S.K.: 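This is the structure, below, for whatever I ask next.
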Amino acid sequence: MSDMTFLERIEKPNDIHDIPEAALPVLAEEIRAFLVDHVSKTGGHLASNLGTVELTIALHRVLTFPQDKLVWDVGHQAYAHKILTGRKDGFDTLRQKGGLSGFPKRRESDCDAFDTGHSATSVSAALGIACARDLKGEDYAVCAVIGDGSLTGGMAYEALNNAANLKSNFIIVLNDNGMSISRNVGSMSAYLRHIRTAKGYERFKNFVNEGLNRIPEVGNRMAAGVHWAKEVVKQMVIPGMYFEDMGITYFGPVDGHSIPDLEAVLRDARRVQGPVIVHVRTQKGRGYAPAVREPERFHGIGPFDAKTGRTPAGGSLSWTRVFSETMKAIGSRHPEVAAVTASMSEGTGLAGFAERFPERFFDVGIAEEHAVTFAAGLATQGLVPVVAIYSSFLQRAYDQILHDVCLQDLPVVLAVDRAGLVGNDGETHQGAFDISYLTSVPGLTVMAPKNARELADMMRFAVTCGHPVAVRYPRGAACRGFADQHAPVAYGKAEVLTRGQGAAILALGSMVGRAEEACRLLAEEGIRPGLINLRFAAPLDEETILEAAREYGVLVTAEENVRAGGIGEHIAALLEEKAPDTRLAIVSLPNAFIPQGSPAELLAECGLDAAGIAQAVREALQDARRPEEV
Ligand SMILES: Cc1ncc(C[n+]2csc(CCOP(=O)(O)OP(=O)(O)O)c2C)c(N)n1
């Protein structure tokens with residue numbers, strides 16, 4: 001027993017209560033070493049997790065699981081929570097197919113109160129849980145942990161505004177490390193920085209409050225003046241006044257790496273009736289020098305060398321990189337083009353544009369809805385904004401795309417990165433729905449390139465076309481094939497790549513390269529389908545599609561999007577009306593949430609790899625040969 005590490009003694013929820021208080025810093029270091037060791041092999045969100053080890057230990061000392069409910073915002077910082085709730089062994093399979101999720105999952109543990117993955121949802125979810133608790137007359141603590149980056153998301157303010165009315169206990173831990181993925185932006189961030197550097201904190205706050213309350217308020221005019229003066233003094237000197245004015249008690253800032261300080265403030269917070277914010281200062285990457293030096297690179301990272309922090313060199317040219325280079329070139333030629341990111345300048349590749357054209361670059365915080373309407377505003381004044389957002393995060397800006405951009409036919413370009421399967425982040429991050437939600441908006445042109453060169457062509461087309469356009473492209477290495485096939489991009493026109501016999505594959509974006517591979521497999525069996533690069537998901541090139549229907553009689557569509565609302569269904573509707581005798585097979589993602597796994601595994605499982613497309617063609621041809629059932 002005595003040879004056991006403290007971490008080895010943690011086997012199930014609440015085991016931490018048996019660890020002596022004096023040993024908790026040792027446990028924290030053991031957890032850090034465990035995280036570096038495991039994440040260096042599997043990849044994952046390292047820097048955020050290293051920063052929240054003491055906070056998690058303190059929360060687990062003050063709360064009891066699963067009775068008390070803890071909601072992690074985004075959820076990328078919940079690794080220590082997973083370790084302390086009996087899931088240590090799962091870390092060998094972290095983010096792998098069928099393995100431990102990198103995010104909280106209710107189906108994984110009853111100690112995960114709410115599934116997260118997208119930013120700024122925690123306060124809303126926790127508030128809902130607290131209200132349900134009160135309604136049912138139950139008694140347990142409810143706590144949300146939200147980062148200062150996520151506090152740039154509008155939903156967090158909607159929830160804070162709503163929470164202020166709550167009369168029962170509700171804790172919001174603000175995990176402030178000054179960072180989103182990159183350095184945090186905006187006035188709230190500046191305000192938090194101001195609080196962090198203010199001296200005196202709680203004792204000073206009480207002192208000032210008591211002092212101000214002793215000032216008598218006599219006479220109407222004078223009272224108004226005194227009231228105003230009090231407010232000015234309060235705003236100047238009292239940390240957290242912004243929250244207090246909203247009706248939310250503020251504690252802090254607290255050293256987020258001191259377990260005794262954290263425990264003390266959390267115990268106090270549990271006693272407060274009504275919503276309370278505990279402002280905790282942490283350091284992203286804490287305890288692992290490479291991550292402290294480069295917190296942004298270690299935010300989400302693939303496997304790396306634990307000793308040096310280095311990642312394997314090389315890697316092929318990514319779609320994001322192609323977009324990044326294209327944006328720099330476009331920026332030089334088009335002074336009217338601006339770029340907008342929702343806190344993802346590195347991830348989307350806009351950092352290069354930002355460096356070259358800082359006056360035309362806008363990081364608006366983790367605020368996708370705002371990013372799109374802000375871009376619409378820019379567009380009304382003659383600018384052509386390119387808003388680069390990952391497919392799954394753009395889901396929240398649907399109304400802004402529809403109502404603020406497309407209804408006014410404004411020339412906003414949506415660069416939809418990570419469109420398709422992203423892999424190890426799992427169902428919260430797969431870009432599986434954008435064709436469905438974008439092609440349903442009238443007036444929005446939706447394109448997808450077959451290869452690197454076509455992405456550049458499409459971006460150039462998009463910034464000059466004068467109307468709303470979305471260009472979707474996936475995560476990972478850009479297709480370098482089709483070197484001598486590059487017809488100029490023409491509005492609403494598909495590109496016929498190969499003429500064949502018996503059947504034609506109508507492929508979109510990432511599926512064109514795979515369809516070409518499928519054609520090679522089929523050629524070995526003497527099957528030679530035609531191949532058409534659709535290029536436009538909206539508007540569809542009806543003429544080319546109907547021509548193919550007449551010529552081949554058998555069509556197979558291929559897209560990296562769910563079936564519902566995808567191009568397969570759009571083409572099915574077109575054929576039913578105009579070429580009802582055509583046989584059609586649809587290759588798409590299933591109408592489901594696709595869990596984590598490597599993109600290659602998932603594509604194969606969903607039948608979206610070359611073998612899957614080839615099989616769909618074989619089956620469609622067999623089907624067509626079978627006599628029609630009567
Ligand atoms: C809606 C949405 N947009 C973007 C992201 C990508 N993202 C993941 S974590 C993160 C930064 C979060 O910063 P913060 O909340 O401060 O947490 P930290 O990593 O600093 O602990 C971003 C932008 C996301 N998860 N959800």
Side-chain angles (χ1 to χ4, degrees), residues 35 39 44-56 71-81 102-104 115-125 144-156 172-186 188-189 192-193 196 256-257 279-286 291-292 294-301 340-348 350-351 363-372 387-398 400 416-418 422 424-431 475:
L35 289 176
V39 177
H45 288 96
L46 187 63
S48 311
N49 280 295
L50 291 173
T52 48
V53 173
E54 286 84 6
L55 172 61
T56 309
V71 182
W72 296 94
D73 206 279
V74 185
H76 62 314
Q77 74 294 58
Y79 291 5
H81 169 75
F103 295 91
D115 290 10
T116 46
H118 287 196
S119 192
T121 63
S122 63
V123 185
S124 302
V145 179
I146 184 166
D148 58 308
S150 296
L151 203 61
T152 58
M155 225 178 128
I172 301 157
V173 174
L174 170 55
N175 170 31
D176 176 12
N177 54 25
M179 301 281 295
S180 188
I181 291 180
S182 334
R183 191 138 289 289
N184 200 6
V185 294
M188 176 51 82
S189 173
L192 295 177
R193 201 162 48 241
R196 270 184 261 136
H257 301 296
H279 181 184
V280 172
R281 295 158 53 202
T282 60
Q283 182 187 36
K284 207 160 173 167
R286 177 86 170 188
V292 170
E294 294 179 276
E296 188 164 349
R297 186 163 74 86
F298 281 89
H299 176 87
I301 190 163
V340 182
T341 177
S343 202
M344 305 282 290
S345 53
E346 284 294 336
T348 59
L350 281 179
D363 180 351
V364 300
I366 312 177
E368 288 78 6
E369 304 97 306
H370 163 64
V372 171
V387 191
I389 295 181
Y390 291 4
S391 167
S392 85
F393 304 146
L394 190 63
Q395 284 160 194
R396 21 177 86 178
Y398 181 73
Q400 287 73 9
V416 188
D417 196 343
R418 300 326 191 247
V422 298
N424 306 82
D425 280 335
E427 50 269 65
T428 51
H429 286 61
Q430 313 283 20
R475 172 173 180 251

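Residue indices begin at 1 and follow the sequence shown. Keep in mind that what you see is a predicted model, and the values were worked out from it rather than measured. Indexing begins at 1, ligand by ligand and atom by atom, following the structure's order.
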S.K.: Heavy atom under 4.0 Å from ligand 1: found in Asp148's side chain, backbone, both, or neither?
M.R.: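 The answer is both, backbone and side chain.
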S.K.: Using atom types as modelled and distance alone, determine if a side-chain donor or acceptor of His118 lies under 3.5 Å from a backbone N or O of Thr428.
M.R.: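 Side chain of His118 to backbone of Thr428: a pair is present.
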S.K.: Using 30° and 60° as the class boundaries, would you call the ring planes of His76 and His45 parallel, tilted or perpendicular?
M.R.: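 Rings of His76 and His45: perpendicular, as their planes differ by over 60°.
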S.K.: Record the part of His45 in heavy-atom contact with ligand 1 below 4.0 Å; permitted values are side chain, backbone, both and neither.
M.R.: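 Neither; nothing of His45 gets under 4.0 Å from ligand 1.
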S.K.: For atom 13 (O) of ligand 1, what is the nearest protein heavy atom, given as residue, atom name and distance?
M.R.: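 Result for atom 13 (O) of ligand 1: Ser180 CA, 3.5 Å.
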S.K.: For Gln77, is the nearest heavy atom under 4.0 Å from an atom of ligand 1?
M.R.: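 Distance cut 4.0 Å: Gln77 fails for ligand 1.
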S.K.: When rounded to the nearest 0.5 angstrom, what is the spacing between CG in Asp363 and OG in Ser180?
M.R.: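 Going from the CG atom of Asp363 to the OG atom of Ser180 covers 7.5 Å.
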S.K.: I want to confirm something. Looking only at heavy atoms, which of Asp176, Val145, Ile366 is nearest to atom 23 (C) of ligand 1?
M.R.: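 Going through Asp176, Val145, Ile366 one by one, Ile366 has the nearest heavy atom to atom 23 (C) of ligand 1.
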S.K.: Would you confirm whether Asp73, through its side chain, and Ser122, through its main-chain N or O, come within 3.5 Å as a donor-acceptor pair?
M.R.: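 Yes; judged by distance alone, with no hydrogens or angles, the pair exists.
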S.K.: Starting from atom 21 (O) of ligand 1, locate the nearest protein heavy atom and write down its residue, its atom name and how far away it is, to 0.1 Å.
M.R.: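 Ranking protein heavy atoms by distance from atom 21 (O) of ligand 1, first comes Asn177 ND2, 3.4 Å.
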S.K.: Which of these, Ser119, Ser122, Gly149, has its nearest heavy atom closest to atom 26 (N) of ligand 1?
M.R.: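 That would be Ser119.
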S.K.: Once you round to the nearest 0.5 Å, how far does NZ of Lys284 lie from CD1 of Ile181?
M.R.: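 Answer rounded to 0.5 Å: 6.5 Å.
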S.K.: Please name the residue in the list His279, Arg281, Arg193 that meets the side chain to side chain donor-acceptor pair (under 3.5 Å) test with Asp176.
M.R.: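 That would be His279; it is the only one of His279, Arg281, Arg193 passing the side chain to side chain donor-acceptor pair (under 3.5 Å) with Asp176.
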S.K.: Kindly compute the distance separating CD1 (Ile366) from CG (Asp148), expressed to the nearest 0.5 Å.
M.R.: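 Here the rounded value is 8.5 Å.
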S.K.: Report the part of Ile181 (side chain from C-beta onward, or backbone N, CA, C, O) that has a heavy atom under 4.0 Å from ligand 1; answer both or neither where that applies.
M.R.: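 Answer for Ile181: both.
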S.K.: Tell me the nearest of His118, Glu368, Glu369 to atom 3 (N) of ligand 1, using heavy-atom distances.
M.R.: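 Ranked by closest heavy atom to atom 3 (N) of ligand 1, first place is Glu368.
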S.K.: Starting from atom 25 (N) of ligand 1, which protein heavy atom do you reach first, and at what distance in Å?
M.R.: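 Minimum-distance protein heavy atom for atom 25 (N) of ligand 1 reads Gly117 O, 3.0 Å.
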S.K.: Decide whether the shortest distance between a heavy atom of Ala342 and an atom of ligand 1 is less than 4.0 Å.
M.R.: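 Heavy atoms of Ala342 never come under 4.0 Å of ligand 1.
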